[in-house]
Amino acid sequence: SGTVNVSLDGGLMQHALEEMKVQTGDRISTGNDGAASLTFADGTRMRLDEQTEVTISESTQGSEESRFDVTLEKGSLWVKTPSIETLSGTLLRTVSLPTITYSFPTDAEALVRQDVILVFSGEGEGVSVTAEGRNTPFSIGEGQQWTVPSGGTVSGDPLRFRSAIDPLVAQSSFVLSSRSGGTASTGTGTSLPGSGTDIISVTSPTDNQTVTTATVKVQGTIGENVD
């Protein structure tokens, strides 16, 4: 919804269309009232907050290895990976900053900004962090946030910049809407999906209805992407 623009093959920014395909090297940006969502071949979704810009740095799919990398130029990015791997071979899902690269496992949910990452869920040890000048990556686990040091240079123990998730950020409208499924104005396949395709709608009982019988009949509909 709102203003979403895309630059294809390094060209001028133009208005993005819903379900639009984007490729390696393309840039997507949102305006003051904009929001967009990228969907990758493995089912990973990345949602852009308003005033956010990203570049598709790599989007390759193969039988032995697949790589999906997005560079966050500015703003806030919500990352959600699928709970089950759907592609064969090695799969690398990363978000890159100038000096930091985050690698996401299956079943991950995280908020990425230039100054911090908040990890709400993630299989195993969580999100792996590779910092420029360090040979060994480190992990940020579920329920933790990691603040990027001033200047982006990590020296000494990187885990000293780790803390519990800030509840104020966790309760922000962007995080709450992203965790509940959010809505998207445009898509990438890397595709920008439309909204409302993967939710369950209950039509009966209605909200706040009092049920007095021993059994309850529930009726409703499911979106086409619900298994």
Side-chain angles (χ1 to χ4, degrees), residues 28-30 32 34-40 42-58 67-83 85 91-184:
I28 303 96
S29 69
T30 56
N32 289 329
S37 180
L38 308 177
T39 301
F40 293 84
D42 71 316
T44 293
R45 292 188 178 187
M46 298 186 184
R47 186 168 182 250
L48 285 67
D49 195 8
E50 62 181 12
Q51 289 294 306
T52 296
E53 182 174 321
V54 301
T55 299
I56 308 299
S57 302
E58 187 170 6
R67 290 175 174 264
F68 307 110
D69 179 62
V70 168
T71 298
L72 178 61
E73 311 289 355
K74 66 174 183 177
S76 300
L77 184 66
W78 178 261
V79 180
K80 179 176 176 58
T81 65
S83 58
E85 299 291 17
L91 177 59
L92 297 176
R93 294 172 287 235
T94 53
V95 172
S96 298
L97 304 178
T99 62
I100 305 293
T101 299
Y102 301 113
S103 180
F104 297 87
T106 56
D107 203 20
E109 286 187 306
L111 173 68
V112 183
R113 300 191 321 217
Q114 292 285 338
D115 60 336
V116 69
I117 179 172
L118 289 78
V119 180
F120 291 85
S121 66
E123 191 174 84
E125 295 183 353
V127 175
S128 177
V129 184
T130 302
E132 187 177 89
R134 295 185 62 89
N135 295 325
T136 305
F138 55 94
S139 297
I140 305 301
E142 184 173 314
Q144 301 174 355
Q145 70 178 49
W146 184 76
T147 302
V148 179
S150 178
T153 300
V154 181
S155 59
D157 182 6
L159 296 183
R160 73 183 190 276
F161 300 105
R162 182 182 52 164
S163 62
I165 285 179
D166 184 341
L168 293 179
V169 178
Q171 293 299 312
S172 68
S173 59
F174 177 64
V175 170
L176 291 176
S177 62
S178 297
R179 298 201 75 185
S180 65
T183 57

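As a basis for the values below, the full set of heavy atoms in this structure was taken, side chains included, without hydrogen atoms, waters or symmetry mates.
Ring geometry for F120 against W78 counts as tilted: the plane angle lies between 30° and 60°, on a 0 to 90° scale. Ring geometry for W146 against Y102 counts as perpendicular: the plane angle is over 60°, on a 0 to 90° scale with 30° as the lower cut.
Nearest heavy atoms, A110 versus F104: CB-CE2, 3.8 Å. A pairwise comparison of heavy atoms in S128 and P137 identifies OG-CB, 3.6 Å as the closest pair. Considering every non-hydrogen atom in both V127 and P105, the closest pair reads CA-CD, 4.2 Å. Pairing each heavy atom of R134 with each of G156, the nearest pair is NH1-O, 3.0 Å. Taking all atoms of both residues into account, the shortest heavy-atom contact from R160 to S155 is NH1-O, 2.6 Å.
Just one of L111, I140, V112 meets the side-chain contact (heavy atoms from CB on, under 4.5 Å) condition when paired with V119; it is I140. Among V95, T39, L72, the one residue that satisfies the side-chain contact (heavy atoms from CB on, under 4.5 Å) test with M46 is V95. With R93 as the partner, the side-chain hydrogen bond (donor to acceptor under 3.5 Å, both in side chains) test is satisfied by one option alone out of D42, T81, T106: D42.
At least one donor-acceptor pair under 3.5 Å links the side chain of Q145 to the backbone N or O of D166. Side chain of T99 to backbone of G152: a donor-acceptor contact under 3.5 angstrom is found. In terms of modelled atom types and a separation under 3.5 Å, the side chain of T30 and the main chain of T52 share a donor-acceptor contact.
Considering CD of Q114 and CG of L77, their distance stands at 10.5 Å, rounded to 0.5 Å. Note that the CD atom of E123 and the OG atom of S83 stand 9.0 Å from one another [nearest 0.5 Å]. We find the CZ-CG distance between R47 and L38 to be 11.5 Å, quoted to the nearest 0.5 Å. Expressed to the nearest 0.5 Å, how far NZ of K74 lies from CG of L97 amounts to 15.0 Å. Taking CZ of F138 as the reference point, atom CG of D157 lies at 9.0 Å (rounded to 0.5 Å). From T94, atom OG1 reaches atom CD1 of I100 across 13.0 Å, with rounding to the nearest 0.5 Å.
For R67, the salt bridge (charged side-chain N to carboxylate O under 4.0 Å, His left out) criterion is met by E65, not counting sequence neighbours.
Side-chain contact between P82 and T44 is present, with heavy atoms from C-beta onward closer than 4.5 Å. Side-chain contact check for R113 versus V169: some heavy-atom pair is nearer than 4.5 Å. Taking the side chain as every heavy atom from C-beta outward, L176 and Q171 approach each other to under 4.5 Å.
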>> Go through it in stages, so that I can follow the logic: the residues are I28 and I56, the test is side chain to side chain contact (heavy atoms under 4.5 Å, CB included), and I'd like the CA-CA distance, side-chain angles, deciding distance and then a yes or no.
In response: CA-CA 8 Å; I28 303 96; I56 308 299; 4.0 Å; yes
>> For S96 and D69: C-alpha separation, side-chain torsions, deciding distance, then whether side chain to side chain contact (heavy atoms under 4.5 Å, CB included) applies.
In response: CA-CA 7 Å; S96 298; D69 179 62; 2.9 Å; yes
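With no hydrogens or angles considered, a side-chain donor-acceptor pair links S57 and T71 at under 3.5 Å.
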